[in-house]
Chemist: 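Have a look at the structure that comes next, please.
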Amino acid sequence: MMKFLAKVTSSDLTKAMSSISAWDGKTRLAIENALQDSTKNIARGAKQKVAQRSGKLKKSIKTGFDRRKPEGLVKAKTPYAHIVEFGAKAHIVRAKNKKALSISAGGDLLLRKSAKIPARKGRPFIKPAFDAEEPKLISNMKKVLNK
């Protein structure tokens, strides 16, 4: 599971978010709604940007929202999502519990003590979706706070 922590860069918004408990119910609800809408938009953008082979990664993108903090979460629940987002260095995989690795190559079964895994370039999908939504989120927060 991937987890991204996005911090608001505007000092005014940071101060406002830290004093959220002091707001009246209507303002707090408007802030929560703005954050929840942005969380859904980030997930929608991530689903549009994600590289697709089988569609598993796209289907695994989910959102969560915690009204107590308030905090939105966009996550990809496949075990390889972080490799797609960030990429991976070249490395060697060695057999640990057995004498050899079994590798299928073109229908044949090969047995090897180790396998060289090539480097993979990252193909980000969550970070660009957040970057696209961040200005709208900040604008919406400012509108709510300036009322």
Side-chain angles (χ1 to χ4, degrees), residues 1-23 28-142 144-145:
M1 179 170 70
M2 292 174 31
K3 186 174 180 178
F4 291 92
L5 178 63
K7 294 191 178 187
V8 179
T9 53
S10 168
S11 61
D12 293 337
L13 288 175
T14 305
K15 286 178 199 170
M17 290 299 290
S18 65
S19 64
I20 193 164
S21 59
W23 295 337
R28 184 179 173 95
L29 186 62
I31 290 289
E32 289 170 356
N33 288 340
L35 285 170
Q36 200 164 17
D37 289 345
S38 286
T39 301
K40 288 176 185 174
N41 290 340
I42 292 167
R44 192 176 304 116
K47 286 180 180 182
Q48 289 173 352
K49 293 176 187 336
V50 71
Q52 256 184 265
R53 209 178 258 175
S54 68
K56 269 186 173 179
L57 182 56
K58 182 177 182 177
K59 289 177 190 170
S60 80
I61 297 172
K62 305 289 181 204
T63 61
F65 191 75
D66 186 351
R67 288 191 180 277
R68 293 175 306 222
K69 293 185 182 178
E71 177 180 275
L73 175 70
V74 177
K75 56 189 170 185
K77 296 178 89 174
T78 57
Y80 53 86
H82 65 286
I83 296 171
V84 175
E85 180 79 17
F86 301 114
K89 293 179 182 178
H91 59 283
I92 296 175
V93 176
R94 297 188 194 315
K96 288 184 182 177
N97 301 328
K98 308 251 179 184
K99 290 182 180 180
L101 298 169
S102 60
I103 303 166
S104 64
D108 295 333
L109 186 64
L110 305 173
L111 298 175
R112 299 283 186 260
K113 287 188 178 187
S114 65
K116 186 176 180 182
I117 308 297
R120 292 190 178 111
K121 202 174 192 180
R123 294 184 284 174
F125 56 99
I126 293 182
K127 179 75 167 97
F130 172 77
D131 290 342
E133 182 64 24
E134 186 180 24
K136 286 187 244 175
L137 171 61
I138 291 172
S139 171
N140 289 342
M141 296 283 264
K142 283 182 178 178
V144 169
L145 295 173

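Note that the numbering runs from 1 along the sequence shown for the chain.
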Chemist: Which pairs, with at least one residue in residues 33-48 and sequence neighbours excluded, count as a side chain to side chain donor-acceptor pair (under 3.5 Å)?
Modeler: Q36-R67, S38-E133, N41-R44, N41-E133
Chemist: A side-chain contact here means heavy atoms from C-beta on lying under 4.5 Å apart; do E32 and F65 qualify?
Modeler: yes
Chemist: Tell me if a side-chain donor or acceptor on E85 pairs with a main-chain N or O of I126 at a distance below 3.5 Å.
Modeler: yes
Chemist: Considering non-hydrogen atoms only, spot the tightest contact between V84 and F125 and give its length.
Modeler: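 Result for this residue pair: CG1-CE2, 4.0 Å.
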Chemist: Quick check for you: to the nearest 0.5 Å, what is the distance between T63 atom OG1 and K75 atom NZ?
Modeler: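 It is 8.5 Å, given to the nearest 0.5 Å.
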Chemist: Table please: side-chain donor-acceptor pairs of residues 90-111 below 3.5 Å, with sequence neighbours left out.
Modeler:
{"unit_1": "H91", "atom_1": "ND1", "unit_2": "K89", "atom_2": "O", "d": "3.0"}

Chemist: With the side chain counted from C-beta on, respond yes when L57 and Q52 share a heavy-atom pair under 4.5 Å apart, and no when they do not.
Modeler: no
Chemist: Check A129 against K49 and note the closest heavy-atom contact, atom names and distance.
Modeler: N-CE, 3.9 Å
Chemist: Kindly write out the residues that satisfy side-chain contact (heavy atoms from CB on, under 4.5 Å) with D66, not counting sequence neighbours, or none if the list is empty.
Modeler: R68, K69
Chemist: Return the CD1 to NZ distance between I42 and K127, rounded to the nearest 0.5 Å.
Modeler: 10.0 Å
Chemist: What's the shortest heavy-atom distance between I31 and M141, and which atoms?
Modeler: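 Smallest interatomic distance, heavy atoms only, reads CD1-SD, 3.5 Å.
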Chemist: Let's go through V74 and F130 carefully: what are the C-alpha distance in whole Å and the side-chain angles of both, what is the deciding distance for side-chain contact (heavy atoms from CB on, under 4.5 Å) to 0.1 Å, and is it a yes or a no?
Modeler: CA-CA 9 Å; V74 177; F130 172 77; over 6 Å; no
